[in-house]
Amino acid sequence: MLQGTPSLAFRDQGEFQISDFRFQLAPPWPPPIDAVRDALLAAYADGSWGKYHGPHCERLREMLAQMHGVPHAWLCSSGTIAVELALRALKVGPGDEVVLAGYDFPGNFRAIEAIGARPVLVDLVAGTWAIDAEQVAMAIGHETKAILASHLHGSLAEMPRLRAIADERGLAIVEDACQVPGAVIAGKPAGAWGDVGVLSFGGSKLLTAGRGGAIVTSRDDVLQRLRIFCERGNDAFPLSELQAAVLVPQLPMLADANERRLTAVRRLLAACSELPGLVPLKLPEEAGTKAAFYKLPWLLTGNQDDCDSPQFEQRRRRYIAAAQAEGLALDEGFRGFAKRTGNRCRVVGELARARGAGAGTVVLHHPVLLLGNEMIDRVIAALHKIAAHSA
Ligand SMILES: *Cc1c(COP(=O)(O)O)cnc(C)c1O
């Protein structure tokens with residue numbers, strides 16, 4: 001009987017036609033997943049939809065710990081709060097400094113401020129969206145307590161180098177793997193290099209429950225402090241049984257979906273390596289390394305000096321509008337923090353690349369990457385058309 005039921009993702013989409021070209025290039029997320037529908041019905045049948053803690057949360061924690069090769073996973077209500085909880089559990093607090101890239105998820109800067117610590121900004125590695133480990137090493141001062149390293153837009157941070165720096169200088173690492181669940185760096189899962197790894201299950205993310213987050217760690221003391229902080233009086237940042245129930249069946253599907261996204265990205269990049277005015281991502285291809293894709297980025301170039309100009313901003317806006325008119329889910333990247341004042345953070349160096357990334361990044365949202373070669377070829381054709389008109 002269930003077989004004939006329309007899939008979840010399509011049920012409420014009254015107006016659109018499945019044959020609509022624009023819809024096809026920017027399909028809704030999450031897609032219909034039979035195993036998730038079954039999990040929802042099972043959660044209804046067994047009453048776990050109305051429960052707080054229970055077997056689904058237990059199971060999800062076990063699966064996340066196993067997936068990352070660590071003993072502990074902790075569930076919480078978002079990736080953003082997971083970063084803050086991670087910093088607290090590492091005993092970072094008022095007067096301490098945390099080094100992060102001048103181009104990062106905005107909530108990461110705020111999480112550092114939220115615990116009373118001071119952000120220290122460093123630049124990206126040239127040609128990537130990844131924090132520059134050598135600049136991190138130079139930025140470390142007496143007050144520096146931790147490094148916050150994010151894997152952004154398919155770039156992977158140099159975790160072996162960052163780990164060596166952190167170990168040598170006695171710092172902790174919070175590794176933000178919100179965009180790259182299932183990615184591998186030098187043979188180790190992304191998220192497992194940090195003292196703490198952070199995941200998001202937000203509505204647009206590769207693994208989703210609409211909202212939610214998790215922390216993975218090998219450190220018993222971190223788990224202990226998380227538990228004490230989160231369970232004071234009430235569990236104030238929980239992931240519910242219902243959320244866990246829909247995440248559990250998504251985990252075994254992740255590796256295959258990541259592989260299909262990676263294949264699509266390879267096809268796209270091979271056909272779009274020379275779009276005028278756009279610098280593509282250099283795929284991380286080192287042995288034992290595998291990227292994952294939440295957003296596929298390009299850097300719109302101009303004269304680096306004038307990337308802060310209104311003309312440049314306008315150019316990016318026009319570019320994105322043209323892409324959206326072709327049906328592509330192309331958008332701006334993060335703004336970055338390069339313009340923040342010295343009152344709020346310590347800035348190391350010029351942050352030229354972070355500034356360029358904040359002004360010039362455009363990102364393609366991931367759902368289209370699962371739709372197969374024919375759709376990818378349509379994306380490629382659209383990108384060539386836009387680039388030719390915008391050059
Ligand atoms: C989405 C995201 C987060 C936060 O996740 P939420 O669950 O949306 O709070 C943190 N860092 C990065 C890099 C992200 O992409």
Side-chain angles (χ1 to χ4, degrees), residues 29-30 60 64 73-88 98-115 119 121 124-125 128-131 146-157 159 162 173-183 185 189-191 193-194 196-216 230 236-240 243-244 246-247 250 254 258 261 281 284 291-297 329 331-337 354 357-358 361-367 369:
W29 188 259
L60 181 60
L64 289 172
W74 184 262
L75 305 176
C76 60
S77 52
S78 74
T80 302
I81 199 70
V83 172
E84 184 182 326
L85 291 172
L87 291 167
R88 288 187 190 281
V98 179
V99 185
L100 80 165
Y103 178 93
D104 199 351
F105 178 70
N108 288 353
F109 190 101
R110 281 198 295 273
I112 296 167
E113 286 185 320
I115 58 163
L121 302 179
L124 305 174
V125 176
T128 79
W129 284 261
I131 189 168
I147 301 162
L148 175 41
S150 302
H151 306 298
L152 299 178
H153 314 334
S155 278
L156 295 169
M159 294 317 297
L162 286 169
I173 299 179
V174 175
E175 184 182 3
D176 179 344
C178 288
Q179 300 198 350
V180 296
I185 301 164
W193 285 92
V196 179
V198 171
L199 300 170
S200 165
F201 308 126
S204 62
K205 295 283 151 83
L206 302 183
L207 297 169
T208 182
R211 215 75 181 93
I215 286 168
V216 292
C230 290
F237 322 98
L239 189 91
S240 75
Q243 287 171 297
V246 298
L247 285 163
Q250 292 178 57
L254 179 65
N258 275 345
R261 283 186 282 261
L281 172 76
F293 290 91
Y294 168 64
K295 306 272 186 188
L296 178 64
D331 228 318
E332 294 179 2
F334 301 130
R335 297 177 72 87
F337 317 124
T361 300
V362 298
V363 288
L364 181 69
H365 195 33
H366 66 87
L369 300 175

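Order of listing sets the numbers, starting from 1, for every ligand and every atom in it. For this chain, numbers begin at 1 and follow the sequence in order.
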Novice: Could you find the nearest protein heavy atom to atom 10 (C) of ligand 1 and give me its residue, atom name and distance?
Specialist: Phe105 CD2, 3.3 Å
Novice: Go through ligand 1 atom by atom and flag the ones less than 4.0 Å from a non-hydrogen atom of Lys205.
Specialist: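 Numbered from 1, ligand 1 contributes 1 (C), 2 (C), 3 (C), 5 (O), 14 (C), 15 (O).
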Novice: To check you understand the geometry: which heavy-atom pair defines the closest contact between Ala82 and Val198, and what is its length?
Specialist: CB-CG1, 3.5 Å
Novice: Looking at CZ of Arg335 and CG of Asp104, how far apart are the two atoms once the value is rounded to the nearest 0.5 Å?
Specialist: 15.0 Å
Novice: Heavy-atom distances under 4.0 Å are what count here, so tell me which part of Ser150 touches ligand 1: side chain, backbone, both or neither.
Specialist: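 Neither; no heavy atom under 4.0 Å.
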Novice: Nearest 0.5 Å, what's the OG1-NZ distance between Thr361 and Lys295?
Specialist: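 Answer for the OG1-NZ pair, Thr361 versus Lys295, is 12.5 Å.
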Novice: Look at the rings of Trp129 and His153 and say which category their plane angle falls in: under 30° parallel, 30 to 60° tilted, over 60° perpendicular.
Specialist: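 Judged by the thresholds at 30° and 60°, the geometry between Trp129 and His153 is perpendicular.
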Novice: Output the list of atoms in ligand 1 that are nearer than 4.0 Å to some heavy atom of Arg211, sorted by atom number.
Specialist: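 Result: 6 (P), 7 (O), 8 (O), 9 (O).
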Novice: Assign the ring pair Phe334 / Tyr103 to parallel, tilted or perpendicular, where the plane angle (0 to 90°) is split at 30° and 60°.
Specialist: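 It falls in the tilted class, 30° to 60°.
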Novice: Which ligand 1 atoms are under 4.0 Å away from a heavy-atom of Cys178?
Specialist: 2 (C), 3 (C), 10 (C), 11 (N), 12 (C), 14 (C)
Novice: Would you mind finding which of Ile81, Asp104, Asp176 brings a heavy atom closest to atom 13 (C) of ligand 1?
Specialist: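 Among Ile81, Asp104, Asp176, the closest heavy atom to atom 13 (C) of ligand 1 belongs to Asp176.
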Novice: If I take atom CG from residue Leu60 and atom CD from residue Gln250, how far apart are they, to the nearest 0.5 angstrom?
Specialist: 9.5 Å
Novice: Can you tell me the protein heavy atom closest to atom 9 (O) of ligand 1 and the distance?
Specialist: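 For atom 9 (O) of ligand 1, the nearest protein heavy atom comes out as Thr80 OG1, 2.5 Å.
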Novice: Just jot down the ligand 1 atoms closer than 4.0 angstrom to any heavy atom of Ser200, in number order.
Specialist: 5 (O), 6 (P), 7 (O), 8 (O)
Novice: Which atom names give the shortest non-hydrogen contact between Ser200 and Gly79, and what distance separates them?
Specialist: CB-CA, 4.0 Å
Novice: Under 4.0 angstrom from ligand 1, any heavy atom of Gly212?
Specialist: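 The answer is yes, since Gly212 has a heavy atom less than 4.0 Å from ligand 1.
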Novice: I need the Leu148 CG to Glu175 CD distance, nearest 0.5 Å.
Specialist: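 So the CG of Leu148 and the CD of Glu175 are separated by 10.5 Å.
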Novice: Any N/O of Leu152 closer than 3.5 Å to an N/O of ligand 1?
Specialist: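 It does not: no N or O of Leu152 is found under 3.5 Å from an N or O of ligand 1.
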Novice: Using a 4.0 Å cut-off to any heavy atom of Ser78, which atoms of ligand 1 qualify?
Specialist: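 So the answer, numbered in order with elements, is 7 (O), 9 (O).
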Novice: Which atoms of ligand 1 are found less than 4.0 Å from any heavy atom of Gln179?
Specialist: 13 (C), 15 (O)
Novice: Can you classify the ring geometry of Tyr294 versus His366 as parallel (below 30°), tilted (30 to 60°) or perpendicular (above 60°)?
Specialist: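 Tilted, since the angle between the ring planes falls between 30° and 60°.
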Novice: Any N/O of Tyr294 closer than 3.5 Å to an N/O of ligand 1?
Specialist: no
Novice: Which ligand 1 atoms are under 4.0 Å away from a heavy-atom of Gly79?
Specialist: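 Taking each heavy atom of Gly79 in turn, ligand 1 has 4 (C), 5 (O), 6 (P), 7 (O), 9 (O) under 4.0 Å.
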